[in-house]
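To keep things clear, I will list the structure first and then write my remarks on it.
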Amino acid sequence: MKHLILASASPRRRQLLQTLGLPFSVCPARGEELLPPGTDPARAALALAVQKAEEVFASHPGDLVLGADTVVAFGGKLLGKPASREEAFAMLSALSGRTHLVTTGVCLKGPGLDLRDAETARVTFRPWTEAEIFRYIDTGSPFDKAGGYGIQDPDGPVLSFEGNFDNIMGLPLSLPLFGRLSGLLEG
């Protein structure tokens, strides 16, 4: 029986993967995330997921390794995790009252196995004031999430979304590869 390794430190991905009831361990990829300039969101998310899965698989070649990455796209730019209060404020202000895309790419690597997929959703923020944005930043929530927010945050900025909640949270469990995971672990 193969072992499943999640190549991500994200507590949200860990939480979502646990809902499948499959045993897994966590071994976060440590490499630098590299993208060519101008990469479209779906290719970017998938490329980063592949980088993570391949890095961890290189040291665990007998196991199944799941890499995932989420990108937020708005105004022709990819928004990563904000590195400062100022950057978080700029991102959240730009998204206020507007719609953007959230894409999560997933790669499952194993012996003789390389499954890749991505899913995109549309998210609309409610308009919010500077004071509301700074209160949200003060929670610390923006700093480990692409785009600076979490859809699961009860006091967050999301007004509505079209697509899969799990995808926006960081792991699109509706993708076909997750339906195959149990059988792959037994094989």
Side-chain angles (χ1 to χ4, degrees), residues 6-19 26 28-52 67-107 117-175:
L6 177 61
S8 172
S10 166
R12 291 158 304 282
R13 287 194 185 105
R14 192 171 30 243
Q15 176 187 359
L16 288 166
L17 193 55
Q18 286 171 339
T19 66
V26 175
R30 302 279 183 218
E32 185 179 357
E33 296 180 353
L34 303 170
L35 283 176
T39 306
D40 74 73
R43 287 180 192 261
L46 198 51
L48 294 171
V50 169
Q51 286 176 25
K52 291 176 182 181
D69 199 85
T70 302
V71 299
V72 172
F74 177 73
K77 296 180 182 173
L78 297 180
L79 305 180
K81 299 172 186 173
S84 65
R85 287 178 56 81
E86 295 76 21
E87 191 174 0
F89 182 80
M91 280 183 194
L92 297 170
S93 296
L95 296 173
S96 178
R98 295 188 175 100
T99 300
H100 60 276
L101 299 178
V102 177
T103 302
T104 300
V106 179
C107 178
D117 210 344
E119 184 170 301
T120 299
R122 295 173 56 85
V123 177
T124 301
F125 272 22
R126 63 181 173 82
W128 55 345
T129 65
E130 284 187 14
E132 289 174 308
I133 293 171
F134 280 120
R135 271 196 301 278
Y136 185 69
I137 291 169
D138 288 342
T139 68
S141 186
F143 301 105
D144 71 338
K145 299 172 185 77
Y149 73 95
I151 190 168
Q152 71 280 3
D153 294 344
D155 296 326
V158 176
L159 175 65
S160 64
F161 65 92
E162 299 169 32
N164 183 323
F165 183 90
D166 293 346
N167 172 52
I168 302 164
M169 198 167 154
L171 198 62
L173 297 177
S174 63
L175 290 176

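Note that this is a predicted model, so its numbers are computed, not measured.
- Taking CG from Asp69 and OG1 from Thr103, the interatomic distance works out to 10.5 Å, rounded to the nearest 0.5 Å.
- For the atom pair Glu162 CD and Leu101 CG, the distance stands at 10.0 Å (nearest 0.5 Å).
- For residues 137-161, the set of pairs meeting the salt bridge (Lys or Arg N to Asp or Glu O under 4.0 Å) definition, not counting sequence neighbours, comprises Arg12-Asp144, Arg85-Asp138.
- More than 12 heavy atoms of other shown residues, nucleotides or ligands fall within 6.0 angstrom of atom CD in Gln18.
- Note that OG1 of Thr19 is 5.0 Å distant from CG of Leu173, once rounded to the nearest 0.5 Å.
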N/O donor to acceptor pairs below 3.5 angstrom from side-chain atoms of residues 70-79, sequence neighbours left out:
{"unit_1": "Thr70", "atom_1": "OG1", "unit_2": "Arg13", "atom_2": "NH2", "d": "3.1"}
{"unit_1": "Thr70", "atom_1": "OG1", "unit_2": "Thr104", "atom_2": "OG1", "d": "2.8"}

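- To the nearest 0.5 angstrom, Leu175 atom CG is 4.5 Å from Asp117 atom CG.
- Of all heavy-atom pairs between Ser96 and Pro127, the closest is OG-CA, 3.4 Å.
- The distance from the CG atom of Leu16 to the OG atom of Ser10 is 8.0 Å, given to the nearest 0.5 Å.
- The nearest pair of heavy atoms linking Ala49 to Ala68 is CB-CA, 3.8 Å.
- By the neighbour-count criterion of 12 heavy atoms within 6.0 Å, atom CZ of Arg43 is sparsely surrounded, having that number or fewer from other residues, nucleotides or ligands.
- Annotation: side-chain contact (heavy atoms from CB on, under 4.5 Å) contacts of Asn164 (sequence neighbours excluded): Glu119, Asp166, Asn167, Ser174.
- With hydrogens and angles disregarded, no donor-acceptor distance shorter than 3.5 Å links the side chain of Ser93 to the backbone of Ala90.
- Of all the heavy atoms in Ala45 and Gly105, the pair that sits closest is CB-N, 3.4 Å.
- Sparse packing is recorded around CZ of Arg122, with 12 or fewer heavy atoms of other residues, nucleotides or ligands lying under 6.0 Å away.
- By the 4.0 Å N-to-carboxylate-O rule, Arg126 lies close enough to Glu132 to be salt-bridged with it.
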Take Val102 and Thr120, measure what side-chain contact (heavy atoms from CB on, under 4.5 Å) needs, and give me the verdict at the end. CA-CA 6 Å; Val102 177; Thr120 299; over 6 Å; no
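- Between Phe161 atom CZ and Thr124 atom OG1 the span is 11.0 Å, to the nearest 0.5 Å.
- Listed by chain and residue number, nothing satisfies the ring-ring contact (aromatic ring centres under 6.0 Å, His included) test with Phe143 (two or more places apart in sequence, or in another chain).
- Under the side-chain contact (heavy atoms from CB on, under 4.5 Å) criterion, Leu92 pairs with Phe125, Trp128, Ile133, Tyr136, Ile137, Pro142, Tyr149, sequence neighbours left out.
- In terms of the side-chain contact (heavy atoms from CB on, under 4.5 Å) criterion, residue partners of Ser84 (sequence neighbours excluded) are, by chain and number, Glu86, Glu87.
- The closest side-chain heavy-atom distance from Val106 to Pro172 is below 4.5 Å.
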